Undergrad: 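After the structure tokens below, expect a handful of questions from me.
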2 protein chains.
Amino acid sequence: MRLSALTTDPFALPAHGGDLGLAEARFGKPAQGWLDLSTGISPFAYPVPELPQELWQRLPSAADDLALRGAAATAYGVDDPDFIAAAPGSQALLQILPRLRPFSQVAVIGPTYGEYSRCWSMAGHHVLPMETLDRTLDADVVVVCNPNNPDGRRHDPARLAELADAMAARGGLLVVDEAFADAMPELSLASHARPGLVVLRSLGKFFGLAGLRLGFAIAEPQMARLLRQAIGPWAVGGAVAEIGRRALMDVDWIAAARKRLTQESATLNSLLGRAQLSTVGGTSLFTLVNAPRAWALFEYLGQQGILARPFSTAPRWLRFGLPPDDAARQRLESALAGWS
Amino acid sequence: MRLSALTTDPFALPAHGGDLGLAEARFGKPAQGWLDLSTGISPFAYPVPELPQELWQRLPSAADDLALRGAAATAYGVDDPDFIAAAPGSQALLQILPRLRPFSQVAVIGPTYGEYSRCWSMAGHHVLPMETLDRTLDADVVVVCNPNNPDGRRHDPARLAELADAMAARGGLLVVDEAFADAMPELSLASHARPGLVVLRSLGKFFGLAGLRLGFAIAEPQMARLLRQAIGPWAVGGAVAEIGRRALMDVDWIAAARKRLTQESATLNSLLGRAQLSTVGGTSLFTLVNAPRAWALFEYLGQQGILARPFSTAPRWLRFGLPPDDAARQRLESALAGWS
């Protein structure tokens, strides 16, 4: 089977969560099916409507693009599509941003999502891993995830706005990935676009539509236009744009999802607490725990078809996404009860 | 209305076909609805099946990517997914290829699709427009569309293979865009992957799924891997990959579509002949005609809700895509009969 060739080292920890094929190559196929808790993708996804065939057939039009960016502008509080660039996933934006700058010193506030360092390094920049924002003023670019993945650390948006202004004053750039901010609008800088600031959002996590591949940059019109040019024409198909547009405009669904995720997250945290796992932090979409033998716990759970997210650089960390229902919670609780 | 701001010059010819919003900003909304003949997208599209919600929700997996690339490898005759890179539209590949090379002299065989020159120029290369393949050996990169858009010119694949070998021998690259080759497999170099050659294919034209945004590069494994790395992870969503996989594997549909397009194209050509429009060339998906006042004819047809494709650099050219049915053909024929 060719897939096994993709797992070059069967003992290596996965670089990302959410790939059950790779999990199966490692653990075999679980009799009960997988309980995938390895991502921060909401299991309570926005329901994708049936779509007119026409959206698959014709090229996305300027009007489609404008309607999608208009919905994003409204949802993210900038009220003007000129501030928005849409892309096939915020990953595409992570890859484009490094190409828009000359050689830069790039402070990545971590530990955090690995793609920031990877994308800036691959593009030839010098990445400076940093733990806090305190010493970032020597950097040309600062990348921060707010709230942070995987530890849920929050950064004060007022302080980030000040940093963006300071960066802008010397031609620098602050990139704030708000992949997990939908449930915490009070943290978001999206509606505070200003020179030197690029905010990233996506439909992948809160809306549970990671397979949609739709992300946005919110930035001053000049930067947003640069990003749109770099993304190029027709990057987001018509069906994807229409699903995204509907989801972003569905304020009732968004309000209900925020409420539900808060409840589900509290339930998960109680469950993890009863299993004597101490919480490092989290968002309403995932919880990071500190466990003395986290990698062994990952293996133990994996053998039972429960996929958590370990981190190769943090042997005591394990991240859990939200269980989708009572049966899943009971399955996780039983498994954790058998761990010692 | 903001959309009008997108047509910076209402008298400028459209840069691409297929955008009815822009057509409407120019001509108003036609009472009978639009008859869009401005693209080479088949009006007889592959039927998109209803898809499991799960494909919209989870991240596309390594197995999804492999299944899609496997289907493409089979369909394009290389039988090994290592030769395939999948991208969100072949436009994305057009944009990536220039970034993989140091400063190059790039021969673009034209007149042809404008994005080749635009993408290589934007990336800082020097583009040399050329009319034939005869003097391309001074170039580092040659870009050719086979069959060519918009004039349908064919290039002998044996000669292109020789050129690829000659380019490879001095570190050069031949890019063959086969966007319109699905109906003419005898022209394709896809199954003849070799150093120095990148072949581009897509689901947009023959399969009629331009809104899907799915394209492929077929190249030697080392080059295909470079392209996959540049495209980055999760670039093609699960729903899109599944639609593409099914379409590429559907050999009965493909055979029937080839037959149908040949017939429909012959019918279109007869119609254009009866209107005294002389054919420059074409493929089974479009016909290019030579008309003394082609831009005026474009305007005349546009006023009647029939959108053809003019070319700003060729005032005598007008391209027609396939009418979808008898009513559309009659509408076109009546309109052309009133033109003098």
Side-chain angles (χ1 to χ4, degrees), chain A residues 2-3 6-7 16-22 24-25 36 39 41-43 45-48 50-51 53-64 66 70 81 88-89 91-92 94-95 99 115 119 122 204 208-214 229-240 243, chain B residues 2-3 6-7 16-22 24 36 39 41-43 45-48 50-51 53-66 70 81 88-89 91-92 94-95 99 115 119 122 204 208-214 229-240 243:
Chain A
R2 295 188 51 84
L3 187 58
L6 294 169
T7 55
H16 296 287
D19 196 319
L20 295 180
L22 298 182
E24 224 149 273
D36 182 10
T39 77
I41 301 164
S42 173
Y46 188 78
V48 171
E50 219 184 318
L51 297 162
Q53 292 270 329
E54 179 238 0
L55 291 175
W56 294 107
Q57 293 165 0
R58 61 176 175 78
L59 279 172
S61 67
D64 295 334
L66 193 60
Q91 173 71 25
L94 293 183
Q95 292 173 199
R99 302 196 337 248
E115 289 291 320
C119 292
M122 292 268 289
L209 297 177
L212 186 65
R213 313 311 301 137
L214 182 59
Q229 281 169 359
I231 292 160
W234 315 299
V236 176
V240 168
I243 295 167
Chain B
R2 295 189 52 85
L3 187 56
L6 294 169
T7 55
H16 296 288
D19 195 321
L20 295 180
L22 297 183
E24 223 149 275
D36 182 11
T39 77
I41 301 164
S42 174
Y46 188 79
V48 171
E50 219 184 316
L51 297 162
Q53 292 271 328
E54 179 238 1
L55 291 175
W56 295 107
Q57 293 164 0
R58 61 175 175 78
L59 279 172
S61 67
D64 295 333
D65 179 58
L66 193 61
Q91 173 72 25
L94 293 183
Q95 293 174 197
R99 297 188 350 238
E115 289 290 320
C119 292
M122 293 268 289
L209 298 177
L212 187 65
R213 313 310 303 136
L214 181 59
Q229 280 168 359
I231 293 161
W234 316 299
V236 176
V240 168
I243 295 167

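If you're wondering where the values come from, they're calculated on a predicted model, not measured in any experiment. Just so it is clear: chains get the letters A, B, ... in the order the sequence lines come, proteins before strands, and each one is counted from 1.
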Undergrad: Which region of Q57(B), side chain (C-beta onward) or backbone (N, CA, C, O), has a non-hydrogen atom less than 4.5 Å from a non-hydrogen atom of chain A, or is it both or neither?
TA: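 Both parts, heavy atoms under 4.5 Å.
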Undergrad: Can you tell which of R58(B), R99(B), E50(B) has the highest number of heavy-atom pairs within less than 4.5 Å of chain A?
TA: R99(B)
Undergrad: Name the option with the most non-hydrogen atom pairs under 4.5 Å to chain B; the candidates are L212(A), V48(A), I41(A).
TA: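 Most heavy-atom pairs under 4.5 Å with chain B: V48(A).
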Undergrad: Quick check: closest heavy atoms across A210(B) and P60(A), and the distance to 0.1 Å?
TA: O-CD, 4.3 Å
Undergrad: Could I get the full list of side chain to side chain donor-acceptor pair (under 3.5 Å) partners for E115(B), not counting sequence neighbours?
TA: H16(B), Q91(B), R118(B)
Undergrad: Report the residues that fulfil side chain to side chain contact (heavy atoms under 4.5 Å, CB included) with D36(A), sequence neighbours left out, ordered by chain and then residue number.
TA: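 Side chain to side chain contact (heavy atoms under 4.5 Å, CB included) list for D36(A), sorted by chain: L20(A), S38(A), T39(A), L307(A).
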Undergrad: For P233(B), which atoms come within 4.5 Å of any heavy atom of chain A: side chain, backbone, both, or neither?
TA: both
Undergrad: Pick whichever of M122(A), Q53(A), Q229(A) has the most heavy-atom pairs under 4.5 Å with chain B.
TA: Q53(A)
Undergrad: Test side chain to side chain contact (heavy atoms under 4.5 Å, CB included) on R213(A) and L59(B) and set out the steps.
TA: CA-CA 8 Å; R213(A) 313 311 301 137; L59(B) 279 172; 3.6 Å; yes
Undergrad: In Å and rounded to the nearest 0.5 Å, what is the CH2 to CG distance from W56(B) to L209(A)?
TA: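 Interatomic distance, W56(B) CH2 to L209(A) CG, rounded to 0.5 Å: 8.5 Å.
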Undergrad: Determine yes or no for a side-chain-to-main-chain donor-acceptor pair under 3.5 angstrom, with D19(B) supplying the side chain and S61(A) the backbone.
TA: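 Flag not set: sc D19(B) to bb S61(A) has no pair under 3.5 Å.
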Undergrad: Can you tell me which portion of I243(B) sits under 4.5 Å from chain A's heavy atoms? Options are side chain, backbone, both or neither.
TA: side chain
Undergrad: Counting heavy-atom pairs under 4.5 Å to chain A, which of G18(B), G232(B), C119(B) comes out on top?
TA: G232(B)
